[in-house]
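All remarks here apply to the structure that follows.
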Number of protein chains: 2
Amino acid sequence: MERSHDSSPGGQLRTAGLKRTPGRLRVLGALQEARQPLSHADLERVLTTDAHQGLDRVTLYRVLDSLVAGGLALKAVDAHGVYRYSAADARQRHEGHLHFRCVDCGGVFCLDELPPPPPKLPNGFRLEAVGLDVSGVCAKCDLKGHPKSDEDSSDR
Amino acid sequence: MERSHDSSPGGQLRTAGLKRTPGRLRVLGALQEARQPLSHADLERVLTTDAHQGLDRVTLYRVLDSLVAGGLALKAVDAHGVYRYSAADARQRHEGHLHFRCVDCGGVFCLDELPPPPPKLPNGFRLEAVGLDVSGVCAKCDLKGHPKSDEDSSDR
DNA sequence: TCGACAATGCAACCGTGTTGCATTGGGTCT
DNA sequence: AGACCCAATGCAACACGGTTGCATTGTCGA
Ligand SMILES: [Mn+2]
Ligand SMILES: [Mn+2]
Ligand SMILES: [Zn+2]
Ligand SMILES: [Zn+2]
């Protein structure tokens, strides 16, 4: 039985014109399960189970490249300068509202607020993206003590 | 002659409680001259002249850390995952309006538009920063040919 | 002027991401 | 099913940004 519009990982790969390999299936599945964008390192961890051993480092990078090229995944830099990947369709479900990122625990929370209207640009300028980064400390992390003058404001 | 509120690099270092060393003076000066945020590599280039040889790589990183810690410089990740630094007071002059970043040439342009109002947060959440990232292609880069289906959309 | 302690230089290291190349394996055609 | 082609994989080596440890130098206050 074969549906022409298959929304399973396999069908999505076929639709995108990508070969359906074990690695791509597992990575795409992991991205769709994930509740936040995952880094390469995250994916190596989540793909290494008792059952399967993880992909080769380089292969994972190339799998991610192919998913991005095929429009099945999105790639963005996080606050530490590391690329994070998310399933494209998962991203669509978070298009109509803003998000808050906790700088302490890294958690991402959906807000009940609309994205800002696109700004007016000078003549000849072409707008491609408007990203609003709302960040701070979430309720749980705010309770767990903020030792007056936060000594541990280290990055990377 | 010594003013208590000295806005020169030397005075700013003193006010911030940082030792006034040649490296810090030159780096802070370079950041204040700069018209865009500079990366570590940018600074190595701009600090290496016929007159002076550049600081040691590691020292430059530590100088930048100290300026950030002292509140004299700001640190942010660019689209390629590289840290860029700007003088804090230079940044203040760009607080009342938005900016547009060209993803092609990297240029930053001031927009005649106000920052968005801070969003409402769930109870217990503490807002620390709201960053609006407006990006696309500037007028000059848009002219210089976009070969229909942009083959060169490579990152990093 | 002297001494304490911060800042520097140098070497070694780490994590992320890339490139080259030989080998494997998916998809397709017969 | 079998054969073929080229994309996908694994492995080694590399590039680059950024960090750590430690001995030496220099700032600044006593
Ligand atoms: Mn959401
Ligand atoms: Mn401006
Ligand atoms: Zn949190
Ligand atoms: Zn441009």
Nearest-Å distance, [atom1] ([X]) to [atom2] ([N])?
X: A:Y61; N: C:dT16; atom1: OH; atom2: P; answer: 6 Å
X: B:L60; N: C:dA7; atom1: CG; atom2: P; answer: 15 Å
X: A:D56; N: C:dA22; atom1: CG; atom2: P; answer: 17 Å
X: B:L25; N: C:dT8; atom1: CG; atom2: P; answer: 10 Å
X: B:L64; N: C:dT8; atom1: CG; atom2: C1'; answer: 14 Å
X: B:H40; N: D:dA15; atom1: NE2; atom2: C1'; answer: 16 Å
X: A:L47; N: D:dT9; atom1: CG; atom2: P; answer: 12 Å
X: A:R14; N: D:dA7; atom1: CZ; atom2: P; answer: 18 Å

Ignoring backbone atoms, establish whether [X] has a side-chain N or O less than 4.0 Å from OP1 or OP2 of [N].
X: A:R24; N: D:dA8; value: yes
X: B:T59; N: C:dG9; value: yes
X: A:T21; N: D:dT9; value: yes

(request) Check the pair B:L72, B:R24 against side chain to side chain contact (heavy atoms under 4.5 Å, CB included), reporting the backbone distance first and the verdict last. (result) CA-CA 11 Å; B:L72 301 182; B:R24 302 224 254 236; over 6 Å; no

(request) Looking at every strand, decide which applies to B:V63 at a 4.0 Å heavy-atom threshold: base, sugar-phosphate, or nothing. (result)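 The residue B:V63 makes sugar-phosphate contact but no base contact.
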
(request) Describe the nucleic acid contact of A:R20 in one word from base, sugar-phosphate, nothing, applying a heavy-atom distance below 4.0 Å. (result)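 Sugar-phosphate: the residue A:R20, judged by heavy atoms under 4.0 Å, touches backbone atoms but no base.
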
(request) Map B:K19 and B:D65 onto DNA chain D by nearest heavy atom, then report which one ends up closer to the 5' terminus. (result)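 Checking each residue's closest nucleotide, the 5'-ward one belongs to B:D65.
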
(request) Examine the base of D:dG10 for any acceptor or donor lying under 3.5 Å from a partner atom in the side chain of A:R57, and report the outcome as yes or no. (result)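 No pair found.
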
(message) Side chain of B:R62 only, heavy atoms from C-beta on: which candidate in D:dG10, C:dA7, D:dC22 is closest?
(response)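 Looking only at side-chain atoms, B:R62 lies closest to D:dC22.
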
(request) Between D:dG10, C:dT16, C:dG26, spot the one nearest the side chain of A:P22, thanks. (result)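 Within the option list, the nearest is C:dG26.
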
(message) So does B:Y85 get a backbone contact from the side chain of B:H40, meaning a donor-acceptor N/O pair under 3.5 Å?
(response)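 No, B:H40 side chain to B:Y85 backbone: no donor-acceptor pair under 3.5 Å.
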
(request) Mind running salt bridge (Lys or Arg N to Asp or Glu O under 4.0 Å) on B:R62 and B:D65 for me, showing each step along the way? (result) CA-CA 5 Å; B:R62 295 200 266 229; B:D65 281 346; over 6 Å; no

(request) Go through the steps for A:L13 and A:T21 under the test side chain to side chain contact (heavy atoms under 4.5 Å, CB included), then give the verdict. (result) CA-CA 9 Å; A:L13 287 175; A:T21 69; over 6 Å; no

(request) Hey, can you tell me if B:F109 and A:F125 have their rings parallel, tilted or perpendicular (30° and 60° cut-offs)? (result)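 Rings of B:F109 and A:F125: perpendicular, as their planes differ by over 60°.
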
